[in-house]
Visitor: 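Input: one structure, supplied below.
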Amino acid sequence: MNLHVMPSFLKPTTLLLTTTLMSILIQSPNSLPTTLLTHPISTHLRFDSLSLSAASSDFGGIVHSHPSAVFLPSSPSDIASLLRLSHFSPHPFTVSARGLGHSTRGQAQASAGIVINMPSLDSSITVSTDGMFVDVGGERMWIDVLRETLRYGLTPKTWTDYLYLTLGGTLSNGGISGQAFLHGPQISNVHELDIVTGKGEMVSCSESANPDLFFSVLGGLGQFGIITRARIALENAPKSVRWMRLMYTDFELFTKDQELLISIKAEGEGWRLNYVEGSLLMEHSLKSNWRSPFFSEKDLKRIKKLAYGNEGVIYCLEASFYYDYHHGRNFSRADKTQMDQDIEELLRKLSFVSGFAFKNDVTYMSFLNRVHDGELKLRAMGLWDVPHPWLNLLVSKSNIMDFYIGALKGIILKTSKSMGPILVYPTKRSKWDERMSTAIPNEEVFYSIGILLSSEMNDLEHLENQNAEILKFCDQQGLNYKQYLPHYTSMEDWKKHFGKKWGRFVEMKSRYDPKAILSPGQKIFAHPVDELCDLSDH
């Protein structure tokens, strides 16, 4: 024996790893298997109260489920190792991928399981000007994508209203905003994905390679795999936006004009109608509505007076025209004059209240990042970090007046004095791919309804009851609708939600996450899929 050679168990690196593992074993709860706690990736686990507390809450501020640990990966392979350990363990632990915590019902939480802190990956963003796409890590925010692609005069085609969301989060749901009538949701603009499945397999997929996984993950609520990279389609970016808001006192005229705008081809030399949204502006909440910074104080007074004379509410149609594109010919003064004339001609076809058309010409970045400006205002007022019992619905065009009379007017406008916007705008089913997991109404034109009210007056219970009453109304009246960002607690409700897609959904779960490890906060699969089949047989 060479007495001058240090025994391996005394080497500094070994001592450090051993000490770390002993510390983990001492701190960690008994719910996690020893195979994980003694594995080298356990050094990525955090058990401190600050980490656990952050992972047990979200933007909704309603559901609080404490995980056993938080996992900070340095690469997708770390995530794969974690999921393989769970999948092959006699006692699998649940795992949720968490971006920035913007869920509203605990969807990214994992009670007694492990929450993956996705921003720890901090991957790069790569733009291909030849291929007109951008490769982005699932943990990156859409605002990061916008900033990077604009450096090349390019942009993704479709967005969410709020850009400080992660790609993995929105692609697991849909990703809807006012551009969806033209380009579809964000999930309709993805070329390729890198996924870590519930088995710990690292898979690249697209429409032509592993298409079953590709389409299942898009809108799949995190049930089949964790998105670690997405390839997003790009187009030439505009430099400027003509941002218009038109006021209505009649809801039916408001919806008919929106439907008109999404049905026509409104474009000219160097400009195009790219965005249509609508919202209810209630007299009592105009000041705290994040959509209000668009207006001057003088205009706000006029709008408030108009709402006061219309039972406290008016309807705002938002139409935005992109113009002066990068990589196009110079947008001349004559081009802008022609655009002004064409837009004025288009406006003459609409039925908004005379004298209540407002416009701003802003940069493309300012327009897309508009909600962040409202966020900063609400934060300063102490109105951002409050419970958000939001309800998002997709309602068919044929039922939108029924929904207005029974739910918006009959429930919300009748009883609610809560703060926050209520969005109502149409989109087209043909812009969605039926192979994707997201459930949408079976009608070509349907409305995105966002009842985005905040509990600022200790009225959370009232708002929760109000949401329940709205859903009850929709069910009792047999409306053709689906929840967007759905929240259910029973298997029967999930079956009803997915409808004819349910069988395929269960099949893909059995193929890619048979032990129901992923995204337990969605409350879809409480048991491994084979046990689920056994239970359904009795």
Side-chain angles (χ1 to χ4, degrees), residues 58-61 98-104 118-119 122 125 134 136-137 139-151 154-171 173-180 185-186 232 237-245 274-279 281 285-296 300 316 318-320 322 358-388 390 392 419-423 425 448 450 452-454 456 485:
D58 57 27
F59 181 68
R98 184 181 192 272
L100 297 173
H102 284 104
S103 298
T104 57
M118 293 297 289
D122 194 25
I125 299 175
V134 57
V136 193
E139 82 287 356
R140 297 304 295 263
M141 295 185 294
W142 284 99
I143 185 66
D144 299 329
V145 179
L146 176 61
R147 287 170 176 154
E148 183 63 18
T149 55
L150 282 182
R151 292 179 57 233
L154 302 174
T155 177
K157 300 176 182 180
T158 190
W159 299 90
T160 52
D161 285 336
Y162 184 60
L163 302 184
Y164 292 76
L165 306 172
T166 62
L167 271 79
T170 66
L171 297 182
N173 289 281
I176 309 175
S177 186
Q179 302 92 354
Q186 289 175 325
I232 307 297
K239 298 174 185 176
S240 303
V241 175
R242 169 70 52 81
W243 185 7
M244 301 206 67
R245 289 185 175 176
N274 253 74
Y275 171 98
V276 175
E277 280 198 11
S279 62
L281 297 182
S285 66
L286 277 169
K287 281 288 185 181
S288 65
N289 188 319
W290 67 43
R291 306 172 81 80
S292 297
F294 176 95
F295 303 108
S296 67
L300 271 177
C316 173
E318 205 166 355
S320 293
Y322 296 0
F358 305 92
K359 71 177 182 179
N360 280 326
D361 283 270
V362 297
T363 66
Y364 181 60
M365 167 65 84
S366 295
F367 172 71
L368 290 182
N369 203 28
R370 62 198 178 278
V371 174
H372 184 57
D373 294 335
E375 174 192 355
L376 296 177
K377 178 181 177 181
L378 293 185
R379 284 189 183 278
M381 297 167 65
L383 300 177
W384 187 260
D385 294 318
V386 296
H388 298 93
W390 288 1
N392 291 274
M419 305 296 181
I422 298 176
L423 310 183
Y425 61 91
S448 174
L452 311 183
L453 302 180
S454 302
E456 302 169 7
L485 309 176

Visitor: Output all residues satisfying side chain to side chain contact (heavy atoms under 4.5 Å, CB included) with Lys359, sequence neighbours left out; order by chain, then residue number.
Guide: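 Checked Lys359 against side chain to side chain contact (heavy atoms under 4.5 Å, CB included); matches are Arg242, Met244.
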Visitor: As an exercise, state the distance from CH2 of Trp142 to CH2 of Trp159, rounded to the nearest 0.5 Å.
Guide: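 Rounded to the nearest 0.5 Å, the CH2-CH2 separation comes out at 6.5 Å.
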Visitor: Taking the side chain as every heavy atom from C-beta outward, state whether Leu485 and Trp390 have any atom pair closer than 4.5 Å.
Guide: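 Heavy-atom side-chain distance check fails, nothing below 4.5 Å.
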Visitor: Under the rule for side-chain hydrogen bond (donor to acceptor under 3.5 Å, both in side chains), what residues qualify as partners of Tyr162, not counting sequence neighbours?
Guide: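 Partners of Tyr162 by the side-chain hydrogen bond (donor to acceptor under 3.5 Å, both in side chains) criterion, ordered by chain and then number, come out as Glu375.
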Visitor: CZ of Phe295 to SG of Cys316: how many Å apart, nearest 0.5 Å?
Guide: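 Nearest 0.5 Å value for the CZ-SG distance: 5.0 Å.
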Visitor: Could you grab the distance from atom CG of Leu378 to atom CE of Met419, nearest 0.5 Å is fine?
Guide: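 Answer rounded to 0.5 Å: 11.0 Å.
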Visitor: Once you round to the nearest 0.5 Å, how far does CD1 of Ile232 lie from CD1 of Ile125?
Guide: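 Taking CD1 in Ile232 and CD1 in Ile125, the distance rounds to 11.0 Å.
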Visitor: Ignoring hydrogens and geometry, is there a side-chain-to-backbone donor-acceptor pair from Glu139 to Gly168 under 3.5 Å?
Guide: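 No, the answer is negative, given that no donor and acceptor are paired below the 3.5 Å cut-off.
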Visitor: Between the side chain of His372 and the main-chain N/O of Leu368, is any donor-acceptor distance below 3.5 Å?
Guide: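 Not at all, since once roles are kept as given, no pair shorter than 3.5 Å links the two residues.
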Visitor: I'd like to check the side-chain hydrogen bond (donor to acceptor under 3.5 Å, both in side chains) partners of Asn274; sequence neighbours left out, ordered by chain and number.
Guide: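 So Asn274 forms a side-chain hydrogen bond (donor to acceptor under 3.5 Å, both in side chains) with Arg272.
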Visitor: Run the side chain to side chain contact (heavy atoms under 4.5 Å, CB included) test against Thr160 and tell me which residues pass, sequence neighbours left out.
Guide: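 Listed in chain order: Leu165, Thr170, Gln186.
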Visitor: Could you walk me through whether Arg370 and Asp161 pass side chain to side chain contact (heavy atoms under 4.5 Å, CB included), step by step?
Guide: CA-CA 8 Å; Arg370 62 198 178 278; Asp161 285 336; 2.8 Å; yes
Visitor: Check Gly174 against Pro185 and note the closest heavy-atom contact, atom names and distance.
Guide: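 Taking every non-hydrogen atom into account, O-CB, 3.6 Å.
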Visitor: Which residues pass the side chain to side chain contact (heavy atoms under 4.5 Å, CB included) test with Ala319, sequence neighbours left out?
Guide: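 For Ala319 the side chain to side chain contact (heavy atoms under 4.5 Å, CB included) partners, ignoring immediate neighbours, are Leu261, Leu273, Leu317, Phe321.
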Visitor: Considering only heavy atoms from C-beta outward, does the side chain of Leu100 approach that of Pro119 to under 4.5 Å?
Guide: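 Yes, close enough: below the 4.5 Å cut-off.
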Visitor: Under the side chain to side chain contact (heavy atoms under 4.5 Å, CB included) test, which residues partner Ile143, sequence neighbours left out?
Guide: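 Expected list: Met141, Leu146, Arg147, Leu163, Tyr164, Met365, Asn369.
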Visitor: Just jot down the ring pair (Phe, Tyr, Trp, His ring centres under 6.0 Å) partners of Tyr425, sequence neighbours excluded, or say none.
Guide: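 Result, ring pair (Phe, Tyr, Trp, His ring centres under 6.0 Å) vs Tyr425: none returned.
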Visitor: Contact between Ser240 and Asp361 at the side-chain level, heavy atoms closer than 4.5 Å - yes or no?
Guide: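 Side-chain contact under 4.5 Å: no.
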Visitor: Which heavy-atom pair separates Met118 from Gly99 by the least distance, and what is that distance?
Guide: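 For Met118 versus Gly99, the nearest heavy atoms are CB-CA, 4.4 Å.
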Visitor: Over 60° means perpendicular and under 30° means parallel, so classify the ring planes of Phe59 and His388, tilted if in between.
Guide: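 Parallel: the ring planes of His388 and Phe59 meet at under 30°.
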Visitor: Kindly give the heavy-atom pair with the smallest separation between Ser366 and Val362, and that separation in Å.
Guide: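 So the two residues come closest at CB-CB, 4.2 Å.
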Visitor: Quick one: list whatever passes salt bridge (charged side-chain N to carboxylate O under 4.0 Å, His left out) with Arg140, sequence neighbours left out.
Guide: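 With neighbours one apart ignored, the set is Asp144.
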Visitor: Can you name the nearest heavy-atom pair linking Ser279 to Leu423, along with the distance?
Guide: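 Nearest heavy atoms, Ser279 then Leu423: CB-CD2, 3.9 Å.
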Visitor: Going by the rule ring pair (Phe, Tyr, Trp, His ring centres under 6.0 Å), which residues pair with Phe367 if we only count those two or more places apart in sequence or in a different chain?
Guide: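 Listed in chain order: Trp243, Tyr275.
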Visitor: Would you say Leu383 and Lys377 make side-chain contact, with heavy atoms under 4.5 Å?
Guide: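 No, side chains not in contact.
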Visitor: Closest approach of Ala180 and Thr158, non-hydrogen atoms and distance?
Guide: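 Nearest pair, atom of Ala180 first, then Thr158: N-OG1, 4.0 Å.
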